[in-house]
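Please read the structure below before turning to the comments.
Here, residue 1 is the first one in the sequence, and each next residue gets the next number.
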Amino acid sequence: METASSPNFSFHHDNNTQLLLLQEHQHQPIESSSPLQKPVKKSFVKSLMDSKLSSFAPTTPTHSSFREDTYLVSNLKSSELKALNELKQKLSASANTYDHSLSMWGVHLLSSNDERADVILLKFLRARDYRVMDSLTMLEKCLVWRKEFSADTVVDESLGFKELEGLVAYMHGYDKQGHPVCYNAYGVFKDKEMYERIFGDEEKLQKFLRWRVQVLERGIKLLHFKPGGINSIIQVTDLKDMPKRELRVASKHILSLFQDNYPEMVALKVFINVPWYFSMMYSVFSPFLTQRTKSKFVIAREGNVAETLYKYIKPENIPIQYGGLSRPGDFQNGSPVPATEFTVKGGEKVNLEIEGIEGGATITWDIVVGGWDLDYSVEFIPLAQGSYTVAVQKVKRMNESDQEPIHNSYTAKEAGKMVLSVDNTGSRKKKVAAYRYFVRKPMF
């Protein structure tokens, strides 16, 4: 099966190859009414959010072409190369005084023939703006912490947080460039009983921090640690329903621990479902962040989650609760089936036509629209004159609360085409969307 890379296609089922082939056209396969022209008035809350968020104005990339540092030694400035060599010399000179291993993530830091060592050392140098002594101090403290924390073996421990797995912090898929993605969502802790069970005392807090490190270490195992490779992860943090006061202590611990011991491990940090009071929370943990860290922040207000994530992550890799097509357990069966992204502008209706369907064939499709809040319908139109159009799905209003993507199938009794309609004519707001499908030929 092949899928399209943009909505500018009509779709045909090739009888010879039994594959879905694409034929590009110069026009959009969209039937649209005139966009609504009335100006949109900002609500009081939205205006307040705009003013609050602009007060700290994090750097927000406008597209997905951000680039991770390559860690190629040949690309270093002369001053940076000098700092790298000096750090190696100082680390080597002090090696005999350490009572801990000089290895991290299976890489010996003084190895002369392992380029992965340079990648890790450069992470510490960049975290301290190539100040050698500051970088060395940070590195030494991290080595001590990893030994005391038993960080190298934490991934294999059973910490008893089954109820939080896949919910609070979890690795899930990759971004468009191949970075592993870690999702964080703390809204479940608005439940007082849950909060007390996890953070009720210092011992519980430390156990949670150990579990949170375990999640990160599992993500780091997916990195290359090679020049030009994938050497950092993407973090998506969902602030919806997050209890700001109760989690203040835990947030400080997590941020401090990660920044001190995992330098340059995050290529991009995307905050989604950002509430209007985020600036107040930001003022609390901002002092714990370096300017380099803050420059990697992307902010997505409530209602813009899917639109933001689609810039960086393909929809088949995005969890369904964030406007994607990925359900829990999908990755256990290998790589997900690619999806086609498309946009539904305000005031438009998009008709996605899948042509060349044989009689007796079964077509299965998934479709999702970020935020929904529009009408959806499906028709099967036979090729034979005099045959009746079949309403596979009558017009249905899809509300914002409908987080699940649609998954459906239809077996055609005769040859024809399928038309998936997404009607946004009653809205001024642009929607991002995605779909995929495959056709199973009839069995004779």
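Between the side chain of Asn424 and the backbone N or O of Lys345 there is at least one donor-acceptor pair closer than 3.5 Å. Distance alone, capped at 3.5 Å, places no donor-acceptor pair between the Asn304 side chain and the Glu307 backbone.
The heavy-atom pair separating Cys182 from Ile233 by the smallest distance is CB-CD1, 4.2 Å. Shown here for Ala339 and Leu325, the closest heavy-atom pair between the two residues is CB-CD1, 3.5 Å. Counting all heavy atoms, side chain and backbone alike, Gln214 lies closest to Val154 at NE2-O, 2.8 Å.
Atom CE in Met194 sits 6.5 Å away from atom CG in Leu167 (nearest 0.5 Å). To the nearest 0.5 Å, the span separating CZ on Phe258 from CG on Leu216 amounts to 4.5 Å. To the nearest 0.5 Å, the span separating CG on Asp375 from CZ on Arg397 amounts to 5.0 Å. Atom NZ of Lys417 and atom OG1 of Thr389 lie 9.5 Å apart (nearest 0.5 Å). Distance check: Ile320 CD1 to Arg327 CZ gives 5.5 Å after rounding to the nearest 0.5 Å. Taken from CD1 in Ile406 to NZ in Lys396, the straight-line distance is 6.5 Å, to the nearest 0.5 Å.
Salt bridge annotation for Lys176-Glu341: present, with a cationic side-chain nitrogen under 4.0 angstrom from a carboxylate oxygen. A salt bridge does not link Arg440 to Glu358: none of the charged nitrogens lies less than 4.0 Å from a carboxylate oxygen.
Phe271 pairs with exactly one of Val298, Asp238, Thr308, Leu239 by the side-chain contact (heavy atoms from CB on, under 4.5 Å) rule, that one being Leu239. Among Trp211, Tyr183, Phe161, the one residue that satisfies the ring pair (Phe, Tyr, Trp, His ring centres under 6.0 Å) test with Tyr170 is Tyr183. With Lys123 as reference, Met265 is the one residue of Met265, Met104, Met138 to meet the side-chain contact (heavy atoms from CB on, under 4.5 Å) rule.
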Atom pairs and distances, donor-acceptor, side-chain atoms in residues 197-204, under 3.5 Å, two or more places apart:
from	atom 1	to	atom 2	distance (Å)
Arg197	NE	Glu163	OE2	3.4
Arg197	NH2	Glu163	OE1	2.9
Asp201	OD1	Glu203	N	3.1
Asp201	OD1	Lys204	N	2.8
Glu202	OE2	Gln206	NE2	2.7
Lys204	NZ	Glu196	O	3.3

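Legend: salt bridge (Lys or Arg N to Asp or Glu O under 4.0 Å) pairs involving residues 205-226, not counting sequence neighbours, sorted by first then second residue: Arg146-Glu217, Glu157-Arg210.
Ring geometry for Tyr262 versus Trp105: interplanar angle of 30 to 60°, hence tilted. Between Tyr186 and Phe189, the ring planes lie parallel to each other; the angle is under 30°, not in the 30° to 60° tilted range.
Side-chain contact, Thr343 with Lys430: no donor N or O sits under 3.5 Å from an acceptor N or O. In this model, a donor atom of one side chain and an acceptor atom of the other lie less than 3.5 Å apart for Ser387 and Glu414.
Between His172 and Phe331, a ring centre-to-centre spacing shorter than 6.0 Å is recorded. Residues Phe225 and Tyr71 keep their aromatic ring centres 6.0 Å or farther apart.
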